[in-house]
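A short worksheet on the structure shown next.
Residues: numbered from 1 along the sequence shown.
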Amino acid sequence: MSTIPQTSPVSAAAIAGSDLLTALRQDDFALIEPKLGECRLRAGDVIYQPGDNVDYCYFPTEGAMCSYFVEMEDGTAVETILVGREGALGGIVSHGSLPAYARANVLHEGVFLRIPARDLEAAKDRSPAIAHLFARYADCVMAQVFQSIACNAVHSIEQRAAKWLSAAVDRIGRNDVTMTQEQLASMMGIGRSYASRVLQRFKRDGMVRTRRGGIEVLDRDGLKARACGCNDQVEAHFHRVLGGVYPET
């Protein structure tokens, strides 16, 4: 089971750090604000385990970042989509406290806003604008899932690694990604040796530098040139559906 963190009153900085929430008009956001709490989660914290009731919705702010993992029968956990300040976890695609299917992990620590799922549903009932925003975001989540499936099927390990690192630095807003080679391999569903060889090529070409527990991107443009176009396709869909909520690159 995941551990439910203690929350404190929300700060203006945390609210401003959620692109999804700041897309709401002030009168609509006022329906949500009293129910929000603020908490800090660390890298590695588990928000939901498969089968957990989704009682809360979490909004990463600023550089906080999470990922959904699907656990396979051999114990391998494969990353499906990333969620940063552009989005939310829990109670978005489904309603209420239905059980979680995938594990939601914190990849980059930071401040999260949290609201009980029942209160978010009540706000949706009261405000068509809130319901509309989250319905559109749910569509964007599905687009990420669809694109991830297609990407894993047809693109090379190098393209996928470059895509993942590019997406990570875009979301957290800095070039230093807290991620070991083992974690990158696990997230991509590949062996550690494959991930190591790809990173060695990136290092040789001056695009990344590795350190204990982290990967620093030195050449964003070069890395994006090695990536497949999946990030661009998802970003374009976010812009069409949500209009600027997806983080700028």
Short N-O contact, [X] and [Y], less than 4.0 angstrom:
{"X": "Asp232", "Y": "Lys224", "answer": "no"}
{"X": "Asp219", "Y": "Arg209", "answer": "no"}
{"X": "Asp55", "Y": "Arg118", "answer": "no"}
{"X": "Arg25", "Y": "Asp27", "answer": "yes"}
{"X": "Glu121", "Y": "Lys124", "answer": "yes"}
{"X": "Glu62", "Y": "Arg85", "answer": "yes"}

Closest non-hydrogen atom pair, [X] against [Y]:
{"X": "Ala168", "Y": "Leu82", "value": "N-CD1, 4.2 Å"}
{"X": "Tyr137", "Y": "Gly87", "value": "OH-CA, 3.3 Å"}
{"X": "Gly37", "Y": "Val10", "value": "C-CG1, 3.7 Å"}
{"X": "Ala104", "Y": "Leu89", "value": "CB-CD2, 3.9 Å"}
{"X": "Pro99", "Y": "Val54", "value": "C-CG2, 4.3 Å"}
{"X": "Cys151", "Y": "Cys230", "value": "CB-SG, 3.5 Å"}

Checking [X] side chain against [Y] main chain: does a donor-acceptor pair fall under 3.5 Å?
{"X": "Thr180", "Y": "Gly213", "answer": "no"}
{"X": "Asp52", "Y": "Gln49", "answer": "yes"}
{"X": "Glu86", "Y": "Gly84", "answer": "yes"}
{"X": "Ser18", "Y": "Phe59", "answer": "no"}
{"X": "Thr7", "Y": "Cys39", "answer": "no"}

Is there a side-chain contact between [X] and [Y] in this structure, where contact means two heavy atoms from C-beta onward sitting under 4.5 Å apart?
{"X": "Arg114", "Y": "Cys57", "result": "no"}
{"X": "Ile157", "Y": "Arg197", "result": "no"}
{"X": "Ile115", "Y": "Tyr56", "result": "no"}
{"X": "Arg171", "Y": "Val83", "result": "no"}
{"X": "Ile47", "Y": "Cys66", "result": "yes"}
{"X": "Asn105", "Y": "Tyr48", "result": "no"}
{"X": "Gln159", "Y": "Ser156", "result": "yes"}
{"X": "Asp139", "Y": "Leu242", "result": "no"}

Quiz prompt | Glu71: partners by salt bridge (charged side-chain N to carboxylate O under 4.0 Å, His left out), with sequence neighbours left out | solution = Arg103
Self-check item: For Arg192, all residues meeting salt bridge (charged side-chain N to carboxylate O under 4.0 Å, His left out), sequence neighbours excluded
Solution: Glu182
Quiz item: Above 12 or not: heavy atoms from other molecules or residues under 6.0 Å from OH of Tyr194?
Solution: no
Quiz item: Mind checking whether Val111 and Val46 sit in one hydrophobic cluster, side chains of I, L, V, M, F, W, Y counted as touching below 4.5 Å?
Solution: no
Exercise. Kindly work out whether a path of hydrophobic side-chain contacts (I/L/V/M/F/W/Y, heavy atoms less than 4.5 Å apart) joins Leu218 to Trp164.
Key: no
Quiz item: Which is it for Val145 and Tyr68 under the side-chain contact (heavy atoms from CB on, under 4.5 Å) test, yes or no, and what are the steps along the way?
Solution: CA-CA 10 Å; Val145 173; Tyr68 283 112; over 6 Å; no
Separation between [atom1] of [X] and [atom2] of [Y], rounded to the nearest 0.5 Å:
{"X": "Arg40", "Y": "Ser8", "atom1": "CZ", "atom2": "OG", "result": "10.5 Å"}
{"X": "Met207", "Y": "Glu216", "atom1": "CE", "atom2": "CD", "result": "14.0 Å"}
{"X": "Leu107", "Y": "Met65", "atom1": "CG", "atom2": "CE", "result": "5.0 Å"}
{"X": "Phe112", "Y": "Leu36", "atom1": "CZ", "atom2": "CG", "result": "14.0 Å"}
{"X": "Arg136", "Y": "Leu20", "atom1": "CZ", "atom2": "CG", "result": "12.5 Å"}
{"X": "Ile32", "Y": "Arg126", "atom1": "CD1", "atom2": "CZ", "result": "10.5 Å"}

Quiz item: Strictly by modelled atom types, are Gln181 and Thr210 linked by a side-chain donor-acceptor pair under 3.5 Å?
Solution: no
Exercise. For His108 and Arg42, test the side chains for any donor-to-acceptor distance below 3.5 angstrom and give the result as yes or no.
Key: no
Self-check item: side-chain contact (heavy atoms from CB on, under 4.5 Å) evaluation trace for Arg204 with Arg201
Solution: CA-CA 5 Å; Arg204 179 197 63 203; Arg201 286 198 292 271; 4.0 Å; yes
Exercise. Check side-chain contact (heavy atoms from CB on, under 4.5 Å) between Ser127 and all other residues, then give those that pass, not counting sequence neighbours.
Key: Asp28, Leu31, Ala129, Ile130
Quiz prompt | Candidates Val169, Thr178, Leu165 - the one meeting side-chain contact (heavy atoms from CB on, under 4.5 Å) with Ile215 | solution = Leu165
Practice problem: With Thr61 as reference, evaluate Leu113, Leu21, Thr22 under the side-chain contact (heavy atoms from CB on, under 4.5 Å) test and give the passing residue. | Solution: Leu113
Practice problem: Give the intermediate values and the outcome of side-chain contact (heavy atoms from CB on, under 4.5 Å) for residues Gln147 and Ile81. | Solution: CA-CA 9 Å; Gln147 196 69 41; Ile81 64 169; over 6 Å; no
Exercise. Please test Glu235 against Asp170 for side-chain contact (heavy atoms from CB on, under 4.5 Å), starting from the C-alpha separation and ending with a verdict.
Key: CA-CA 11 Å; Glu235 180 179 355; Asp170 285 344; 5.6 Å; no
